[in-house]
Amino acid sequence: MIRFSLECANGHGFDSWFGSNADYERLQDRGLLACSVCGDATVSKAIMAPAVSLADQQKAHPLSAPATPAEQAFRELRKKFEAEATDVGKNFATQARQMHGGELPAKPIYGEAKIEDARALLKDGIPVAPLPWQKRREN
């Protein structure tokens, strides 16, 4: 995708995305471009400054890497939590209730619960809380 700064004959400036320069040219030749402000069909590319890479000043990092210290801390918390707790899946409400009642040994667990089951656990004094992340999907 490429973004062009465009301008109509009335001087209105606006940006638009195109798949390629050829896509822009094809739409322009067919008269299918119009000003997003006034609707004028006389549209041309405005003068644009090129995007300059500042590779030596700004180090790019992979999107999978945390962008901030807060993201890193959150990632580490999740990793520690998932390493120490057991995923009991859809049996969460049942197992939490059994642990609270002493039928099962207490240990950190996580899993899935219907909202009404989670409310019932809280109403019965069983401490539960939603996790601030979603379960990872397996491919």
Quiz item: Passes side chain to side chain contact (heavy atoms under 4.5 Å, CB included), Lys45 versus Asn21? Steps please.
Solution: CA-CA 11 Å; Lys45 291 181 194 174; Asn21 188 56; 2.5 Å; yes
Quiz item: Are Asp23 and Arg26 within salt-bridge range, i.e. N to O under 4.0 Å?
Solution: yes
Self-check item: Short N-O contact, Glu76 and Lys80, less than 4.0 angstrom
Solution: no
Heavy atoms only: give me the nearest [X]-[Y] pair and the separation to one decimal.
X	Y	result
Asp124	His100	O-NE2, 4.3 Å
Ser5	Asp15	OG-OD1, 3.1 Å
Ala34	Gly39	CB-O, 3.7 Å
Cys8	Phe14	N-CE2, 4.3 Å
Cys35	His12	SG-CB, 3.6 Å

[X], [Y]: one ILVMFWY side-chain cluster at the under-4.5 Å cut-off?
X	Y	answer
Leu131	Met99	no
Phe74	Phe81	yes
Phe4	Leu32	yes

Can you find a pair of side-chain heavy atoms, one from [X] and one from [Y], that are under 4.5 Å apart?
X	Y	result
Leu33	Tyr24	yes
Glu112	Asp117	no
Tyr110	Pro108	no

Could you state the interatomic distance from [atom1] ([X]) to [atom2] ([Y]), rounded to the nearest 0.5 Å?
X	Y	atom1	atom2	value
Phe92	Arg97	CZ	CZ	11.0 Å
Arg75	Lys79	CZ	NZ	9.5 Å
Glu7	Ser44	CD	OG	6.0 Å
Gln95	Glu103	CD	CD	11.0 Å
Leu77	Gln72	CG	CD	11.5 Å
Ser20	Met1	OG	CE	9.5 Å

Self-check item: Positive for side-chain contact (heavy atoms from CB on, under 4.5 Å) with Ile109, one of Val128, Leu104, Val88
Solution: Val88
Quiz item: Given Arg78 and Glu82, is the salt bridge (Lys or Arg N to Asp or Glu O under 4.0 Å) satisfied, shown in steps?
Solution: CA-CA 6 Å; Arg78 179 177 183 169; Glu82 290 177 342; 3.0 Å; yes
